[in-house]
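Order of appearance sets the numbers: ligands from 1, and atoms from 1 within every ligand.
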Amino acid sequence: MTQPLLSVRNLTIDYIGEEKDFRAVDDVSFDVAPGEVFGLAGESGCGKSTIAFAISRLHKPPALIRKESRILLDGRDVLGLDRQALSAFRWREVAMVFQSAMNSLNPVLRIETQFYDMLRTHKNMSRASARERTAEMLTLVDIAPDRMRDYPHQFSGGMRQRIVIAICMALDPKLVVMDEPTTALDVVVQREILQRINELRRSFGFSVLFITHDLGLMVQFCDRIGIMLSGQLVEQNTAEAIYRTPKHDYTKKLWASFPSLHGGALL
Ligand SMILES: Nc1ncnc2c1ncn2[C@@H]1O[C@H](COP(=O)(O)OP(=O)(O)OP(=O)(O)O)[C@@H](O)[C@H]1O
């Protein structure tokens, strides 16, 4: 692999309990190349979201990242960032889209204002430049730019999720962390959104860390996949190899429990 964009090394995260600690992530290491989509798959509770939060530096107590852990983004030590560096890091370097992201839009503000607030805070943009950027980003996710004057409730769930994705892309992040980004949406909308993200990835060049329960979607969308079991990364390989020639028994079991794929690759 060329120089990775994201490098996770020996990541170990415990949830600190009153009686005893619970190891949610156990010595996990993986790399994500520039422009690559890396997926994390595994049963509920295996630690995927805990990793996503740690990479975005959104983890909170009782989650404790053990000191041997390293997360490097473009060579920068993510776990060592202080408060000031962190506010520049979030959104500009790493953007996050979660399952409920569409509900993170402020219901009482026009879409335009929500873009402006972020572009002003992070890029010191004027209202006129922010409006231009907003129009450009909405067009990219197939929403008519004149709808920037509307409020969130005037859009469907799928459109709101696309708006959040557009807001994330507006600052041109290097890595987008997506944790079940389309789970709340119907299958057709899910596919459309992922196709759009893929096209944006091609033009902007960002990498994606993708988490979903839907193994079919995972294989179609990702370049490489890591399989997690009880906090450990037990296998990682290209999506094709993980699907066609799984090595670990657990990966084989995952496929056995999953109906065969339809619809071909998204790419
Ligand atoms: N705040 C918390 N305190 C204690 N334990 C937690 C906390 N958050 C998560 N856990 C535990 O850590 C483990 C990993 O959780 P995590 O949410 O990362 O898994 P996941 O693979 O993303 O699951 P899902 O697919 O259901 O979202 C789970 O066993 C969970 O119960």
Side-chain angles (χ1 to χ4, degrees), residues 6 8-30 32 37-71 73 78-79 90 94-104 157 161 164 168 175-185 187 190 193-194 207-222 224-237 239 242-243 246 248-259:
L6 175 72
V8 174
R9 287 287 170 276
N10 311 108
L11 183 62
T12 298
I13 307 174
D14 290 337
Y15 285 100
I16 304 300
E18 293 204 345
E19 308 233 310
K20 68 186 189 67
D21 302 342
F22 175 75
R23 182 139 297 182
V25 177
D26 189 2
D27 200 17
V28 164
S29 299
F30 64 91
V32 182
V37 183
F38 185 81
L40 280 178
E43 68 196 349
S44 182
C46 67
K48 307 180 295 290
S49 299
T50 303
I51 292 178
F53 277 95
I55 290 170
S56 316
R57 277 291 304 267
L58 284 172
H59 63 285
K60 293 196 183 80
L64 180 79
I65 300 183
R66 293 294 172 189
K67 70 172 185 318
E68 64 273 23
S69 312
R70 287 282 168 273
I71 299 176
L73 187 87
V78 172
L79 297 177
R90 289 215 189 103
V94 175
M96 297 132 288
V97 183
F98 294 110
Q99 182 178 345
S100 55
M102 57 188 174
N103 302 324
S104 65
Q161 194 72 346
V164 173
C168 285
L175 174 72
V176 182
V177 177
M178 298 191 170
D179 191 351
E180 308 276 2
T182 58
T183 306
L185 306 169
V187 178
Q190 262 190 13
I193 291 188
L194 290 181
S207 309
V208 180
L209 179 69
F210 185 65
I211 295 173
T212 178
H213 277 104
D214 187 331
L215 290 172
L217 217 52
M218 183 71 117
V219 167
Q220 290 169 343
F221 187 53
C222 295
R224 287 189 310 121
I225 296 173
I227 304 289
M228 289 195 63
L229 174 63
S230 309
Q232 296 182 337
L233 193 61
V234 292
E235 180 169 3
Q236 52 176 315
N237 213 329
I242 286 278
Y243 179 55
H248 197 279
D249 275 350
Y250 177 67
T251 316
K252 291 178 191 163
K253 277 194 201 131
L254 271 182
W255 291 124
S257 65
F258 191 75

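F38 has its ring centre no less than 6.0 Å from the ring centre of F221.
Closest heavy-atom contact between E235 and I242: CG-CD1, 3.8 Å.
For K48 and D179, the salt-bridge test fails: no basic side-chain N is under 4.0 Å from an acidic carboxylate O.
With sequence neighbours excluded, the residues satisfying side chain to side chain contact (heavy atoms under 4.5 Å, CB included) with S207 are L5, V32, L175. Among residues two or more places apart in sequence or in another chain, the ring pair (Phe, Tyr, Trp, His ring centres under 6.0 Å) test is passed with Y250 by none.
Residue pairs that meet the side chain to side chain donor-acceptor pair (under 3.5 Å) test with at least one member in residues 50-61, sequence neighbours left out, are Y15-T50.
Using a heavy-atom distance under 4.0 Å as the criterion, the protein contacts of ligand 1 are Y15, F22, A24, E43, S44, G45, C46, G47, K48, S49, T50, P62, H213.
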